[in-house]
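Both ligands and their constituent atoms are indexed starting at 1 by order of listing.
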Amino acid sequence: MTMNIAILAGDGIGPEIVAQAVRVLDALKSDGLDITLEHGLIGGCAVDATGEPYPEATHQLALQADAILLGAVGGPKYDALPRAQRPEKGLLAIRKALNLFANLRPAILYPELAAASSLKAEIVSNLDILIVRELTGDIYFGEPRGIEIRDGLRVGYNTMIYSEAEIQRIAHVAFQAAQKRKRSLCSVDKMNVLECTQLWRDVVEEVSKDYPDVILSHMLVDNAAMQLVRNPKQFDVIVTGNMFGDILSDEASMLTGSIGMLPSASLDSNNKGLYEPIHGSAPDIAGRDIANPLATILSVAMMLRYTFNQEDAAQRIENAVKKVLAQGLRTRDIAGEGFQMIGTRTMGDAVLSHL
Ligand code: IPM
Ligand code: MG
């Protein structure tokens, strides 16, 4: 089976971190995996080259690929652009265009990095949560939306909307993920105020009938935000809508103290996927060879696992990353007292040496 992978490095630190992940893919290729890579533009670099954050050529490339590896998009240079040309729009466009509705965001605490968490070690030790975030619906895409004048005053508005079909399909993904883990799923909503999320709760409850082996609970989003810092280990899999998932996944990633370590997958219903680090384009440190490439490298592991069913290769990468950490090698973001601080490329070298 040929694995056709589109590489969209994007902006800021994107090209540097993706370069290290590509070295990992090249190494797997030398070991016999049938991998082809093609590069394309997304985000600010695409705006610079074509005027659009998600050009048609990139869409065609992404459509033909089996999987996509993305670095990061955005930067201060683009902040003043009209909304349709903002780099973030490129990311939203590719998610929508490819129907990548299921966003898997693991928050795992690597024992070697426990000191990097802002929470006490006993609260976060061995933390391993999976957030399943719906990614192509909700207030992110709901219409009508806009800013307009009403009675001489500006008003801004968006629409929070979910159909039952959209809720069903993400619920199935979440229940199936829970079946492969501790069989416990917490669905997060705001049903005490928002009708849209009352429907969410009702539909998740209905879908749960297909998964009697999974224990389903529900939690309001404000409480979930609190519980995540109070006692995060009560969670195994969390499923929630696009906006709540955006917020809670940032919170969960910070519990691990190392947002630079966390990969993510955005899947369609055939496990075609876009894989990217959870962190952003970090324009302040771009081009300085100090960014942490591990989240991007671990995104390749997720790609091999979810899109290509290559569990062995996925574990090879994950084990190589663990060995590098055990060896005491750290990029600046995860460095603490007594560790050897290394740059982006040297971190890539270290992972390759353990692969
Ligand atoms: C994320 C990001 C994006 C989102 C932005 C960049 C559009 O925050 O992937 O979490 O809100 O989905
Ligand atoms: Mg976000």
Side-chain angles (χ1 to χ4, degrees), residues 8-14 17-18 41-47 52-54 58 62 68-107 129-142 145 158-162 166 170 173 188 221 224-225 228 238-256 258-268 273-284 286 291 295-296 298-299 302-303 306:
L8 309 177
D11 309 318
I13 58 172
I17 54 178
V18 164
L41 299 172
I42 195 165
C45 61
V47 173
E52 287 168 52
Y54 184 55
T58 304
I68 299 140
L69 181 68
L70 190 140
V73 299
K77 183 180 162 192
Y78 309 103
D79 282 350
L81 287 175
R83 192 157 290 273
Q85 280 174 14
R86 299 272 295 261
E88 294 78 11
K89 190 78 190 178
L91 198 52
L92 297 174
I94 192 171
R95 288 173 180 169
K96 192 73 176 172
L98 299 185
N99 219 355
L100 305 170
F101 68 91
N103 185 208
L104 310 184
R105 296 191 163 187
I129 300 177
L130 176 66
I131 298 194
V132 178
R133 169 190 177 194
E134 200 290 328
L135 202 59
T136 53
D138 200 356
I139 195 164
Y140 269 57
F141 295 94
R145 61 196 298 153
N158 289 89
T159 303
M160 180 180 244
I161 179 167
Y162 267 122
E166 287 174 306
I170 192 71
V173 170
V188 171
V221 64
L228 267 175
I238 293 176
V239 64
T240 190
N242 202 344
M243 183 162 65
F244 298 160
D246 178 44
I247 299 165
L248 294 181
S249 63
D250 263 29
E251 187 186 9
S253 70
M254 206 55 229
L255 298 176
T256 71
S258 46
I259 191 164
M261 296 292 303
L262 300 178
S264 74
S266 305
L267 306 174
D268 74 4
L274 179 144
Y275 297 83
E276 58 178 322
I278 278 185
H279 61 71
S281 60
D284 51 322
T296 317
L298 290 167
S299 296
M302 279 191 104
M303 175 190 290
Y306 287 104

Seminar exercise, completed: Closest to atom 1 (C) of ligand 1 among protein heavy atoms sits R105 NH2, 3.3 Å
For this session: Specify the protein heavy atom at minimum distance from atom 4 (C) of ligand 1: its residue, its atom name, and the distance to 0.1 Å.
Result: Y140 OH, 3.4 Å
Exercise. Can you tell me how far the OH atom of Y78 sits from the CZ atom of R86, to the nearest 0.5 Å?
Worked result: 12.5 Å
Please tabulate, for side-chain N and O atoms in residues 242-253, each donor-acceptor pair with protein atoms closer than 3.5 Å (sequence neighbours left out).
residue: N242; atom: OD1; partner: R133; partner atom: NE; Å: 3.0
residue: N242; atom: OD1; partner: R133; partner atom: NH2; Å: 2.7
residue: N242; atom: ND2; partner: L135; partner atom: O; Å: 3.3
residue: N242; atom: ND2; partner: G137; partner atom: O; Å: 3.2
residue: D246; atom: OD2; partner: Y140; partner atom: OH; Å: 3.0
residue: S249; atom: OG; partner: R105; partner atom: NH1; Å: 2.9
residue: S249; atom: OG; partner: G245; partner atom: O; Å: 2.7
residue: S249; atom: OG; partner: D246; partner atom: O; Å: 3.2
residue: S253; atom: OG; partner: S249; partner atom: O; Å: 3.4
residue: S253; atom: OG; partner: D250; partner atom: O; Å: 2.8

Seminar exercise, completed: Protein N/O/S atoms closer than 2.8 Å to the Mg ion (ligand 2), ordered by chain and number, come to D246 OD1
For this session: Taking the side chain as every heavy atom from C-beta outward, state whether P277 and I17 have any atom pair closer than 4.5 Å.
Result: yes
For this session: Return a yes/no value for R133: is any of its N or O atoms, backbone included, closer than 3.5 angstrom to an N or O of ligand 1?
Result: yes
For this session: May I ask you to check if K96 and F141 form a cation-pi contact, with NZ or CZ under 6.0 angstrom from the six-membered ring centre and within 45° of the axis?
Result: yes
Seminar exercise, completed: Note: K89, heavy atoms under 4.0 Å from ligand 1, region reported as neither
Exercise. Below 4.5 Å, heavy atoms only, C-beta onward: do N103 and E134 meet side chain to side chain?
Worked result: no
Exercise. Using a heavy-atom cut-off of under 4.0 Å, does the side chain or the backbone of H279 touch ligand 1, or both, or neither?
Worked result: neither
Problem set entry | D11 side chain to S281 side chain, donor-acceptor N/O pair below 3.5 angstrom | no
Exercise. Under a heavy-atom criterion of less than 4.0 Å, does E276 contact ligand 1?
Worked result: no
Exercise. Does R95, backbone or side chain, put an N or O under 3.5 Å from an N or O of ligand 1?
Worked result: yes
